[in-house]
Amino acid sequence: MRLSRYFLPTLKETPSEARIASHRLMLRAGMIHQEAAGIYSWLPLGFKVLQNIEQIVREEQNRAGAVEMLMPTIQPAELWRESERYEAYGKEMLRITDRHKREMLYGPTNEEMLTGIFRSYCRSYKELPKLLYHIQWKFRDEVRPRFGVMRGREFLMKDAYSFDIDEAAARKSYNRMFIAYLNTFARMGLKAVPMRAETGPIGGDLSHEFIILADTGESAVYCHKDLVDMPSPGLDVDFEGDLQPLVDERTALYAATEDVHDEDAFMAVPEDKRLSARGIEVGQVFYFGTKYSKPMKATVALPGGAEQAVHMGSYGVGVSRIAGAIIEASHDENGIIWPMAIAPFKVGIINLRQGEVATDAACEEAYLALVNAGVDPLYDDSEDRAGAKFSRMDMIGLPWQLIIGPRGLKDGLVEIKERASGDRQSLPLRDALNQLQDICTVSV
RNA sequence: CGGGGAGUAGCGCAGCCUGGUAGCGCAUCUGCUUUGGGAGCAGAGGGUCGCAAGUUCGAAUCUUGUCUCCCCGACCA
């Protein structure tokens, strides 16, 4: 993509309303545009990031055996009356009345809706288990939205729902999602620690939150240090096999959010292994048994003919929130530092002297070569001065920069700069292109 | 929802106390010079001062109401 054709409205000055790094940088890098408190448009650069996150989530859900579908944003109130959550949910639920005076709502979550779908079609234990998910916008009318997309009112979320015959079977579904989440976050370059958590308004008695450690985290968390660097299970996990040992390995050590923190248990952790920090929740898994299936009569026939309410779980990943969370976990004073898997473009080409024949030609050659290699670089072909281009490229955080100017070309050289380390090397254009192609092909 | 703060040019702000034809920096446009870390000089364009009432000869400025945004807390993915 040529910058001159792109829509990248970067800001030199920081909008006054943004207080934390990710919010500031998302506004400055032209990723998002605020429409109202907690409601944002996703501009092209931000949208690419969002899609990259979404795609990784989708691939890992599919790998774990979940099946994608799509439910609407608007739901009828009746469904929520059945579970008695229509009144219980309170003002966080955005309620809408249509032209026929029917009560509707903008969905804050979809347990009721999918339970409704399930009971319409599934009558026998033979149809279990089922594990379905969708990626959809949701709305919770937070009293006080803040931190940009990390705590917006409208947010993009992946939520999966499992239906099983009993608790033992439900736990297997729970484990699938648990393992899938570890791989999902690892692929995004995040170190997410599963921690025991409160079940909240969704209800149930088994739940883990997946937490990214960051100084600006929303809540205090406590865990055993070894959990932070424990490697992810890996993409070759056999989801049809027994996942319990993998889950046990990660739940044996102490890890809890402040809501369920047990100081005595934490003190049992060796002192040099105790980690108390702040964290950002990027995912949560719940098992809640028959909380919805019972009142909503989602039952199946057992082999003997008796009716049994299905055991359910739900599993969320905050897709839009992760965009902010990654920046919180990965930035410096110059701007964002995208992990390779999430970066909106993997390579940025900087033309240091737009209009100078040899420089333009070299940039053009580099651009076309990378495009043809499937790399999708962002080529800064603007008339801006070198300094402005360096600053902007650093701010938007593309992992690799290819810097081409007359000074280097005189000796037949260009520069490659790695955003994360700041390391630069001078080399012939051919070599630079080969190197960038290798890097981008291997890690994608 | 309790407490606090702010709405003046695209962005960041001053002016308000003490009413009298609306300003600064950045950005934008034009010209010249410059050209490897957010350039310099000269010139230009752009605002019914959130909205609505009221006081006054006269309101960005004073009064009342209202809307929106932000911060702290409670709540939450």
Side-chain angles (χ1 to χ4, degrees), chain A residues 9-20 23-24 27-28 30 33-39 89-93 107-110 136-159 181 192 197-202 207-212 217-219 257-259 279-286 314-325 333-335 350-356 359 380 382-396 401 403-410 413-415 417 422 424 426:
Chain A
T10 54
L11 306 174
K12 199 154 139 188
E13 286 176 278
T14 303
S16 59
E17 73 268 16
R19 300 296 154 128
I20 63 166
H23 190 193
R24 275 200 305 271
L27 290 167
R28 288 194 58 208
H33 174 81
Q34 180 166 336
E35 302 295 351
I39 300 179
Y89 222 96
K91 292 190 173 176
E92 300 234 316
M93 180 184 277
T109 181
N110 291 67
Q136 177 63 291
W137 291 94
K138 302 189 165 195
F139 195 93
R140 290 183 197 168
D141 198 0
E142 298 284 345
V143 207
R144 191 184 158 214
R146 63 186 110 171
F147 305 149
V149 300
M150 297 240 292
R151 177 87 186 278
R153 290 193 291 173
E154 189 186 46
F155 54 97
L156 185 62
M157 196 164 174
K158 184 285 301 185
D159 43 316
Y181 279 20
E198 221 170 32
T199 51
I202 293 185
S207 179
H208 287 90
E209 283 183 8
F210 288 73
I211 301 283
I212 291 173
E218 64 216 319
S219 53
T257 60
E258 59 189 330
D259 300 330
I280 299 168
E281 183 194 340
V282 288
Q284 186 162 16
V285 290
F286 298 92
S314 69
Y315 316 90
V317 171
V319 174
S320 51
R321 149 176 283 209
I322 286 175
E333 63 281 1
N334 296 319
I350 296 181
N351 183 335
L352 291 177
R353 187 79 63 83
Q354 196 72 34
E356 202 265 334
T359 311
D380 187 343
S382 68
E383 303 287 339
D384 293 332
R385 300 165 61 87
K389 294 190 178 192
F390 284 131
S391 302
R392 178 168 53 216
M393 200 60 87
D394 282 348
M395 183 177 70
I396 67 175
Q401 298 174 9
I403 301 164
I404 302 178
R407 189 183 294 176
L409 285 178
K410 219 167 37 193
L413 299 176
V414 300
E415 274 180 85
K417 175 179 161 186
R424 294 157 167 263
S426 287

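By the 4.0 Å N-to-carboxylate-O rule, A/K91 lies too far from A/D141 to be salt-bridged with it.
The partner of B/rC76, taking Watson-Crick or G-U wobble pairs whose two distances both stay under 3.5 Å, does not exist in any strand shown. Of all nucleotides present, none satisfies the Watson-Crick or G-U wobble test against B/rC49 with each distance under 3.5 Å. With a 3.5 Å ceiling on both atom-pair distances, the Watson-Crick or G-U wobble partner of B/rG43 is B/rC29. Across all strands shown, B/rG54 pairs with B/rC62; the Watson-Crick or G-U wobble distances both stay below 3.5 Å. Pairing for B/rU34 is absent, with no Watson-Crick or G-U wobble pair whose two atom distances lie under 3.5 Å. Within the shown strands, B/rC67 is the pairing partner of B/rG7 under the Watson-Crick or G-U definition, both distances less than 3.5 Å. Using Watson-Crick or G-U wobble geometry with both donor-acceptor distances under 3.5 Å, B/rA14 finds no partner in any strand shown.
The nucleotide whose nearest atom lies closest to any side-chain atom of A/R19 is, among B/rC71, B/rC76, B/rG25, B/rC71. Taking only side-chain atoms of A/A37, from C-beta outward, the nucleotide of B/rG38, B/rC70, B/rG25 with the closest atom is B/rC70. Set against B/rC75, B/rC1, B/rC70, the side chain of A/V143 has B/rC1 as its closest nucleotide. Residue A/A388 places its side chain closer to B/rG38 than to any other of B/rG37, B/rG38, B/rU35. For A/P15, the side-chain atoms get nearest to B/rG12 when compared with the rest of B/rC75, B/rG12, B/rC70.
Going from atom CZ of A/F390 over to atom P of B/rU35 covers 15 Å, rounded to whole Å. The CD1 atom of A/I20 sits 14 Å away from the C1' atom of B/rC70 (whole-angstrom rounding). A/L352 has its CG atom 14 Å from the P atom of B/rU35, to the nearest Å. B/rC76 atom C1' lies 14 Å from atom CE of A/M93, rounded to whole Å. Computed from coordinates, the A/E383 CD to B/rA39 P distance equals 15 Å when rounded to whole Å. Residue A/E13 contributes atom CD, which lies 9 Å from atom P of B/rA27 at whole-angstrom precision. Between the CG atom of A/L409 and the P atom of B/rU35 there is a distance of 17 Å, rounded to whole Å. Atom pair A/R353:CZ and B/rA39:P shows a separation of 14 Å (rounding to whole Å applied).
Between A/N334 and A/S219, the one whose closest nucleotide on RNA chain B sits nearer the 5' end is A/N334. Residues A/R153 and A/D394 both approach RNA chain B. Their nearest nucleotides, taken by heavy-atom distance, put A/D394 toward the 5′ side.
Residue contacts shown for A/G283 are absent, as no nucleic acid heavy atom lies under 4.0 Å away. A/K158 comes within 4.0 angstrom of no nucleic acid atom, judged by non-hydrogen atoms across all strands. Among the heavy atoms of the strands lying under 4.0 Å from A/G405 is at least one base atom, whether or not backbone atoms are also near.
Of the P atoms belonging to B/rC51 and B/rU61, the separation is 11 Å, rounded to the nearest Å. When the P atom is used for both B/rU56 and B/rU63, the distance is 16 Å, rounded to whole Å. For the C1' atoms, the distance from B/rA53 to B/rA59 is 13 Å, rounded to whole Å. B/rC13 and B/rA22 have their C1' atoms separated by 14 Å, given to the nearest Å. Taking atom P on both B/rG73 and B/rC57, the two are 49 Å apart, rounded to the nearest angstrom. Annotation: B/rA6 and B/rC16 have their C1' atoms spaced 14 Å apart (nearest Å). For the C1' atoms, the distance linking B/rC24 with B/rA9 amounts to 12 Å, nearest Å. Taking atom P in both B/rU18 and B/rC76, one finds a spacing of 47 Å when rounded to whole Å.
Checked by atom type, the side-chain pair A/Q284/A/S207 shows a donor-acceptor distance below 3.5 Å. At a cut-off of 3.5 Å, with distance as the only test, no side-chain donor of A/T109 or A/R140 sits close to an acceptor on the other residue.
Phosphate contact (OP1/OP2 of B/rC70, side-chain N/O of A/Q34, threshold under 4.0 Å): present. Listed pair A/R144 / B/rC71 meets the phosphate criterion, a side-chain N or O lying under 4.0 Å from OP1 or OP2. Close to B/rC76, at under 4.0 Å from its OP1 or OP2, lies no side-chain N or O of A/R140. Between B/rC1 and A/K91, a contact under 4.0 Å exists linking OP1 or OP2 to a side-chain N or O.
Between the side chain of A/R28 and the base of B/rG38, a donor-acceptor pair under 3.5 Å is found. For A/R146 against B/rC69, a side-chain-to-base donor-acceptor contact under 3.5 Å is absent. Scanning atom types as modelled, no donor and acceptor separated by under 3.5 angstrom connect the side chain of A/R385 and the base of B/rG40.
No donor-acceptor pair under 3.5 Å is formed between the side chain of A/R321 and the backbone N or O of A/V149. For A/Y181 (side chain) and A/A192 (main-chain N/O), no donor-acceptor pair under 3.5 Å exists by modelled atom type.
Expressed to the nearest 0.5 Å, how far NZ of A/K389 lies from CG of A/D394 amounts to 14.0 Å. Here the NZ-CZ distance, from A/K417 to A/F390, works out to 7.5 Å after rounding to the nearest 0.5 Å.
Closest of all the heavy-atom pairs between A/R19 and A/R24 is O-NH1, 3.0 Å.
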